[in-house]
**Student:** 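Here you go, one structure.
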Amino acid sequence: MTAGTAITIPGHVHGYPDLAFGGYVAGMLAERVGGEVRVDFRRGVPVEAPVLVTDSESGSALVDPDGTVLAEASPGAVELAVTPPPSWDEAVVASRDSFAAGRPIPDCYGCGTANPPGRGLRLYPWRVRAHDLVAAAWIPDPELAGPGGHLTTENIWSAVDCPGGWAAIDLAGMRPGGVTAALTTRHIAPVHAGAKYLVWSWPIAASGRKYTVGVAISTPGGDLAVLAEALWIEPRH
């Protein structure tokens with residue numbers, strides 16, 4: 001690996017307390033690789049602590065000050081059949097139910113219901129029983145965008161993280177407390193702040209403690225913007 005650039009993940013960009021949000025970390029590394037990318041997580045990434053972003057043989061990596069690899073990005077490919085989305089109205093109901101129920105981590109960067117604009121995605125997925133998927137109606141806040149009003153790569157990857165976890169829990173039986181082990185994402189079209197998007201996720205396979213899910217983001221009319229495949233690992237206890 002080459003010498004790295006020191007960064008610090010802000011404290012509010014977390015899923016579990018004190019651990020950086022997986023999708024955000026993945027997007028940060030994917031930006032350096034370009035194209036379709038797979039990110040594998042080796043260990044938890046701390047917030048408010050220095051880590052190093054560096055080039056690796058496969059693409060890019062995040063390492064701690066001792067050189068231990070925390071996450072690594074490499075070229076990948078998303079090859080899955082997309083489960084048809086719910087309607088916009090069904091997704092709106094799902095997000096309302098999710099927000100009303102609250103979340104175990106109220107300030108989770110992805111699905112936390114206590115975040116003000118700009119401090120999280122404020123994306124609230126919930127089960128849509130008629131379609132065997134979880135879904136959210138989402139209008140990204142302007143604070144999540146970069147120049148031109150397009151969401152940053154970090155926030156696009158963040159948006160496909162929590163929905164996959166909830167699909168594994170609610171539809172495939174994964175115990176709460178799981179973690180993202182790998183995330184592969186394809187950007188098809190820009191995601192614009194202030195526009196309406198459907199975000200939905202469905203189970204693909206389960207084996208032991210491993211759960212594979214698909215995640216998609218589209219316009220309400222069905223034009224795909226993002227497609228992802230995630231591997232989640234169930235906690236041992």
**Student:** With a 4.5 Å cut-off on side-chain heavy atoms, are Cys162 and Cys108 touching?
**Tutor:** yes

**Student:** Step by step, work out the side chain to side chain contact (heavy atoms under 4.5 Å, CB included) result for Trp157 and Val37.
**Tutor:** CA-CA 11 Å; Trp157 280 66; Val37 179; 4.0 Å; yes

**Student:** How close do Ala20 and Val25 get, heavy atom to heavy atom, and via which atoms?
**Tutor:** CB-CG2, 3.8 Å

**Student:** Does the side chain of Thr83 reach to within under 4.5 Å of the side chain of His131, using non-hydrogen atoms?
**Tutor:**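 Side chain of Thr83 against side chain of His131, heavy atoms only: no contact under 4.5 Å found.
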
**Student:** Identify the heavy atoms of Ala91 and Leu198 that sit nearest to each other, and give their distance.
**Tutor:** CB-CD2, 3.4 Å

**Student:** Heavy-atom distance under 4.5 Å between the side chains of Pro140 and Val191, does that happen here?
**Tutor:**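 Counting from C-beta outward, Pro140 and Val191 do come under 4.5 Å.
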
**Student:** Between Asp55 and Arg32, does the salt bridge (Lys or Arg N to Asp or Glu O under 4.0 Å) criterion hold? Intermediate values first, please.
**Tutor:** CA-CA 9 Å; Asp55 293 329; Arg32 295 170 63 94; 2.9 Å; yes

**Student:** Report whether Trp200 and Met174 are members of the same hydrophobic cluster (ILVMFWY, side-chain heavy atoms less than 4.5 Å apart, transitive linking).
**Tutor:** no

**Student:** Per the ring pair (Phe, Tyr, Trp, His ring centres under 6.0 Å) rule, which among Tyr124, Trp126, Trp138 passes with Phe99?
**Tutor:** Tyr124

**Student:** So, Asp18 side chain and Pro46 main chain: donor-acceptor pair closer than 3.5 Å or not?
**Tutor:** no

**Student:** Among all residues two or more places apart in sequence or in another chain, which pass the salt bridge (Lys or Arg N to Asp or Glu O under 4.0 Å) test with Arg103?
**Tutor:**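 Scan of Arg103 (salt bridge (Lys or Arg N to Asp or Glu O under 4.0 Å), adjacent residues dropped) gives none.
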
**Student:** Does one hydrophobic cluster hold both Val33 and Leu227, with members joined at side-chain heavy-atom distances below 4.5 Å?
**Tutor:**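 Shared cluster, no.
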
**Student:** Would Leu133 and Tyr197 show up in the same hydrophobic cluster when neighbours are defined by side-chain heavy atoms closer than 4.5 Å?
**Tutor:**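 Different hydrophobic clusters.
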
**Student:** Hey, what do you get for CG (Leu19) to NE2 (His14), rounding to the nearest 0.5 Å?
**Tutor:**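 Here the rounded value is 10.0 Å.
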
**Student:** Can you name the salt bridge (Lys or Arg N to Asp or Glu O under 4.0 Å) partners of Asp141, sequence neighbours left out?
**Tutor:** Arg122

**Student:** What residue pairs, at least two apart or across chains, pass ring-ring contact (aromatic ring centres under 6.0 Å, His included) with a residue in residues 42-70?
**Tutor:**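 Of all non-adjacent pairs touching residues 42-70, none passes ring-ring contact (aromatic ring centres under 6.0 Å, His included).
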
**Student:** Kindly give the heavy-atom pair with the smallest separation between Val128 and Ala135, and that separation in Å.
**Tutor:** CG2-CB, 3.9 Å

**Student:** Check whether Tyr16 and Leu231 end up in the same hydrophobic cluster, where Ile, Leu, Val, Met, Phe, Trp and Tyr are linked by side-chain heavy atoms less than 4.5 Å apart.
**Tutor:**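 Result: yes, single cluster for both.
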
**Student:** With the side chain counted from C-beta on, respond yes when Pro163 and Leu123 share a heavy-atom pair under 4.5 Å apart, and no when they do not.
**Tutor:**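 Yes - at least one pair of side-chain heavy atoms lies under 4.5 Å apart.
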
**Student:** So, taking the atom named CD in Glu57 and the one named CD in Glu72, what distance separates them when rounded to the nearest 0.5 Å?
**Tutor:** 8.5 Å

**Student:** By the salt bridge (Lys or Arg N to Asp or Glu O under 4.0 Å) test, which pairs, at least two apart or in different chains, include something from residues 219-237?
**Tutor:** Arg175-Glu234

**Student:** What's the spacing between Ile139 CD1 and Lys196 NZ if we round to 0.5 Å?
**Tutor:** 6.0 Å

**Student:** How long is the span from the CD atom in Glu79 to the OG1 atom in Thr184, to the nearest 0.5 Å?
**Tutor:** 10.0 Å

**Student:** In a table with atom names and distances, give each donor-acceptor pair under 3.5 Å that connects a side chain of residues 210-218 to protein atoms at least two apart or in another chain.
**Tutor:**
none

**Student:** Ignoring hydrogens, what is the shortest heavy-atom contact between Arg38 and Ala182? Give both atom names and the distance.
**Tutor:**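 So the minimum-distance heavy-atom pair works out to NH2-CB, 3.5 Å.
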
**Student:** Shortest non-hydrogen contact from Ala193 to Pro142?
**Tutor:** CB-CA, 3.8 Å

**Student:** For residues Ala30 and Ala73, report the shortest heavy-atom separation together with the two atoms involved.
**Tutor:** N-CB, 4.5 Å

**Student:** Quick check: do Asp132 and Arg127 have side-chain heavy atoms less than 4.5 Å from each other?
**Tutor:** yes

**Student:** Is there a side-chain contact between Arg119 and Asp107 in this structure, where contact means two heavy atoms from C-beta onward sitting under 4.5 Å apart?
**Tutor:** no

**Student:** Show, in sequence, the C-alpha distance, side-chain angles and deciding distance for Trp202 and Leu80, and conclude whether the side chain to side chain contact (heavy atoms under 4.5 Å, CB included) test is met.
**Tutor:** CA-CA 11 Å; Trp202 61 95; Leu80 51 83; 3.6 Å; yes

**Student:** If a pair satisfies ring-ring contact (aromatic ring centres under 6.0 Å, His included) and one of its residues is in residues 21-71, list it, with sequence neighbours excluded.
**Tutor:**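 Sorted pair list: Phe21-Tyr109, Tyr24-Tyr109.
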
**Student:** Treating Ser158 as the side-chain partner and Glu154 as the backbone partner, does any N or O pair qualify as donor plus acceptor under 3.5 Å?
**Tutor:** yes

**Student:** Answer with yes or no whether the hydrophobic clustering places Leu121 together with Val47; edges join I, L, V, M, F, W, Y residues whose side-chain heavy atoms lie under 4.5 Å apart.
**Tutor:**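 Yes; Val47 is reachable from Leu121 via cluster members.
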
**Student:** With a 4.5 Å heavy-atom cut-off, do Trp166 and Ser201 have their side chains touching?
**Tutor:**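 No. Closest side-chain heavy atoms not under 4.5 Å.
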
**Student:** For a 4.5 angstrom cut-off between non-hydrogen side-chain atoms, does Arg43 reach Asp64?
**Tutor:** no

**Student:** Decide side chain to side chain contact (heavy atoms under 4.5 Å, CB included) for Leu62 and Ile7; before the verdict, give the C-alpha distance in whole Å, the side-chain angles of both, and the deciding distance to 0.1 Å.
**Tutor:** CA-CA 10 Å; Leu62 193 68; Ile7 65 164; 4.1 Å; yes

**Student:** Verify side chain to side chain contact (heavy atoms under 4.5 Å, CB included) between Trp232 and Asp161, making sure each step is shown before the conclusion.
**Tutor:** CA-CA 10 Å; Trp232 281 75; Asp161 198 357; 3.3 Å; yes

